2 protein chains.
Amino acid sequence: MNANSSRPAPAAAGRPSPTLEDLALAAGVSRSTASRAINGGSKVSAQAQAAVDAAIVALGYTPNRAARSLVTRRAGSVALVIPEPDARVMMDPYFAAVIMGVNEALRETDLQLVLLMSRAGDDSARTIRYLRGGHVDGAIVVSHHRADDWVESLGATGLPTVFIGRPWDTESGIPYVDLDNFEGGRLAARHLSGAGRSKLATIAGPTDMTAAVDRLQGWLQGLREAGLQPGPVIHGDFTTAGGADAAARLLAEAPDVDGIFAASDLMALGVVDTLRQKGRQVPDEVAVVGFDNHSLQAANGLGLTTVAHPMADIAAAAGKLLVDAIANPGELPEPVIYPAELVVRGSSAA
Amino acid sequence: MNANSSRPAPAAAGRPSPTLEDLALAAGVSRSTASRAINGGSKVSAQAQAAVDAAIVALGYTPNRAARSLVTRRAGSVALVIPEPDARVMMDPYFAAVIMGVNEALRETDLQLVLLMSRAGDDSARTIRYLRGGHVDGAIVVSHHRADDWVESLGATGLPTVFIGRPWDTESGIPYVDLDNFEGGRLAARHLSGAGRSKLATIAGPTDMTAAVDRLQGWLQGLREAGLQPGPVIHGDFTTAGGADAAARLLAEAPDVDGIFAASDLMALGVVDTLRQKGRQVPDEVAVVGFDNHSLQAANGLGLTTVAHPMADIAAAAGKLLVDAIANPGELPEPVIYPAELVVRGSSAA
DNA sequence: TTGTATGCGTTATCAG
DNA sequence: CTGATAACGCATACAA
């Protein structure tokens with residue numbers, strides 16, 4: 001807290017909100033009845049219920065969340081935990097989708113979404129303290145890297161937690177929602193080989209993210225199944241610039257490549273750009289497959305063949321899982337895996 | 001979770017968090033002294049302070065926010081209000097920047113950021129009820145359209161509110177932070193005319209957003225100053241696809257255009273794409289200027305001349321303004337306008 | 001400087 | 001079904 005040594009005046013409140021007491025008075029019932037009418041309404045006469053309902057709109061009554069929390073020992077909110085470095089880079093395109101999806105799942109609930117961005121280093125201590133402090137009823141953790149091992153300790157705190165994207169440690173049984181990244185990579189390999197390409201390479205993602213690792217493994221598996229050599233594997237950082245760089249390195253290493261799988265659409269855009277600058281025709285000379293079905297995939301006017309990644313749906317599923325987990329403490333929901341689907345567009349046309 | 005249900009434990013809590021009472025006991029002081037030590041620490045002996053500090057780490061004490069809120073009448077959180085339709089479209093690229101910026105401003109505070117996405121229609125009633133209900137200490141409203149007039153009523157509720165982007169109604173004196181969009185549009189016009197282009201046109205943004213209107217007005221003003229005709233004005237929706245469509249319409253209407261100002265980079269990308277598909281060389285035949293300096297401006301391998309839009313900085317400034325407004329109730333901070341700057345790249349090279 | 005006593009608004013308990 | 005009444009954890013006015 002800061003040195004905000006203001007006067008006893010609490011805050012800038014116009015007129016104090018009506019309390020349950022006021023409401024009960026206006027409705028001609030007791031606080032208890034009013035409270036029951038507001039909540040479950042299970043043991044309230046229709047008459048009393050109606051009176052309270054009327055008083056609510058008349059007074060514009062809103063329950064005081066703090067007071068309610070204090071006694072129910074529920075915060076009425078869930079946290080969306082985002083390791084900050086990600087937000088700056090790879091998360092950018094997904095930010096909106098994740099937030100909207102989670103929000104959608106929370107819409108019918110009275111749970112509020114609070115954002116928790118945690119820096120690397122000792123700020124994570126602050127974050128975890130907040131999470132353990134009972135300030136939220138649950139947490140959704142997104143985009144977690146291998147180094148962010150502290151988040152996995154959340155499972156042991158008893159705080160309902162759901163991951164978006166498979167965590168590194170699945171032993172702890174933390175529920176998560178993810179795309180079938182392995183299958184996505186495999187589909188890319190199958191598609192390119194099926195289109196008659198044989199000099200294949202991939203621009204993979206960071207090795208500290210399970211999504212990147214899974215896509216790569218699936219890709220390699222697909223190549224094996226097609227009877228093709230593994231081919232070059234270059235690692236990028238999921239960004240457009242990173243994809244462009246990686247493509248340049250790739251062309252130096254394997255000039256005869258005729259098919260490239262980039263593990264993100266942003267990287268794929270960079271790849272296409274580099275290819276064009278080097279004078280390679282896409283898709284005639286080199287076919288390109290991306291990943292995510294990002295809304296900007298058409299930015300180069302080509303249409304990008306890609307693996308769909310319904311992030312909003314995945315986030316919504318994670319939200320629902322969390323809501324369930326909060327409602328049924330002790331039960332660990334099973335992970336949910338969304339199937340991967342290939343979307344064929346111009347960048348890999350035969 | 002253990003099955004140790006000796007008491008009617010309300011929720012899934014492992015071990016109950018230590019309370020101020022526990023802390024005081026461990027530190028050998030009274031609740032009051034412990035409380036004072038935790039907060040201002042103004043009237044606490046060094047000895048007592050040390051004892052409390054030690055007890056805090058020993059017990060892992062975290063203040064109960066609900067209890068504190070109840071008595072201080074402060075929520076300890078601020079809302080980021082986002083009209084949902086925007087999030088799906090124009091907001092996408094800015095989402096991360098806005099959130100990170102606001103978060104940055106709140107970092108040193110103990111304020112939490114809660115997200116409030118409001119649908120059109122009666123959901124706004126729920127949102128405004130939440131905001132007026134004292135559940136947050138302040139609000140930041142982003143990207144508000146003309147139809148979202150309800151948000152402007154927030155100013156009258158006494159809830160400290162800051163807009164990101166100039167609101168339609170500036171009469172109410174609601175503080176806001178914005179880019180100098182007018183000057184940005186003017187810079188675009190000046191740049192293109194200065195580059196020898198004379199058949200100029202613009203793809204403007206939605207007419208219900210002040211940013212779009214201001215950019216257009218600045219553009220027209222710039223053309224006047226350069227002694228040029230206003231030229232065609234086509235309206236897009238700030239998206240890539242919208243920009244591509246608008247460009248097609250523009251080419252039909254004014255085939256001899258040699259300079260286009262798109263009011264967003266995403267639209268500019270669509271414009272460049274359409275131009276290329278129609279066989280127009282960029283920038284040789286048609287120069288293109290965008291707006292935002294979006295990280296994807298280079299997606300087409302060209303480099304986009306654009307007006308920088310430091311969204312994270314703007315959002316951070318809004319956050320600081322809000323923090324100030326909360327600390328000093330009653331004082332309406334002055335609006336903050338960031339200067340516009342042109343970034344020249346390949347799409348408008350002479 | 002410290003401790004005591006009170007109340008914040010709500011839900012839960014337990015008699016009527 | 002209803003209404004008193006007791007917590008919930010914390011910050012303060014007041015007394016010491």
Side-chain angles (χ1 to χ4, degrees), chain A residues 1 4-11 13 15-52 55-56 59-76 110 133-135, chain B residues 7-11 13 15-52 55-56 59-76 110 133-135:
Chain A
M1 190 65 80
N4 195 356
S5 52
S6 54
R7 299 291 178 271
R15 140 182 58 81
S17 313
T19 110
L20 187 58
E21 181 89 43
D22 303 330
L23 186 69
L25 186 65
V29 297
S30 71
R31 280 207 308 268
S32 316
T33 302
S35 177
R36 283 187 283 258
I38 290 172
N39 303 321
S42 53
K43 288 169 182 164
V44 179
S45 67
Q47 184 183 359
Q49 182 75 50
V52 172
I56 287 178
L59 273 64
Y61 172 78
T62 312
N64 182 316
R65 253 182 136 82
R68 176 178 284 178
S69 275
L70 188 56
V71 52
T72 59
R73 310 180 90 59
R74 286 168 178 275
D110 67 340
H135 303 311
Chain B
R7 282 173 298 175
R15 144 182 55 81
S17 312
T19 101
L20 187 58
E21 181 90 43
D22 303 329
L23 185 71
L25 186 65
V29 298
S30 70
R31 282 206 306 269
S32 324
T33 302
S35 176
R36 285 186 280 258
I38 290 171
N39 304 322
S42 52
K43 288 170 181 164
V44 179
S45 67
Q47 183 183 358
Q49 182 75 51
V52 172
I56 287 178
L59 273 62
Y61 172 78
T62 312
N64 181 315
R65 256 183 133 78
R68 176 176 283 179
S69 276
L70 189 56
V71 52
T72 59
R73 312 182 86 66
R74 288 167 178 275
D110 66 339
H135 302 311

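Since this is a predicted model, take the numbers as computed values, not measurements.
Of the two residues contacting DNA chain C, namely B:Val29 and B:Leu70, the nearest-nucleotide position lying further toward the 5' end is that of B:Val29.
Among the atoms of the strands shown, base atoms are found under 4.0 Å from some heavy atom of B:Ser32. Among the protein residues, A:Ala48 comes within range of the sugar-phosphate backbone only, with heavy atoms under 4.0 Å from sugar or phosphate atoms but none that close to a base.
Taking every side-chain heavy atom of A:Arg68 into account, C:dT10 is the closest of D:dT2, C:dT1, C:dT10. In the set C:dG3, D:dT2, C:dT1, C:dT1 carries the atom at the smallest distance from any side-chain atom of B:Lys43. Residue A:Leu20 places its side chain closer to C:dT11 than to any other of D:dT2, C:dG7, C:dT11.
Atoms CG (B:Asn39) and C1' (C:dT2) sit 16 Å apart, rounded to a whole Å. Taking atom CZ of residue B:Arg31 and atom C1' of nucleotide D:dT12, one finds them 12 Å apart after rounding to whole Å. The CZ atom of A:Arg36 sits 15 Å away from the P atom of C:dT10 (whole-angstrom rounding).
Look at B:Ser45 and you'll find a side-chain N or O under 4.0 angstrom from OP1 or OP2 of C:dT2. When the side-chain nitrogen and oxygen atoms of B:Tyr61 are compared with OP1 and OP2 of D:dC10, one or more of them lie within a distance under 4.0 Å. For D:dC8, the OP1/OP2 oxygens have no side-chain nitrogen or oxygen of B:Asn64 closer than 4.0 Å. Taking 4.0 angstrom as the limit, B:Ser35 places none of its side-chain polar atoms (N or O) nearer than this to OP1 or OP2 of D:dC10. Not one side-chain nitrogen or oxygen of A:Thr19 sits closer than 4.0 Å to the OP1 or OP2 atom of C:dG9.
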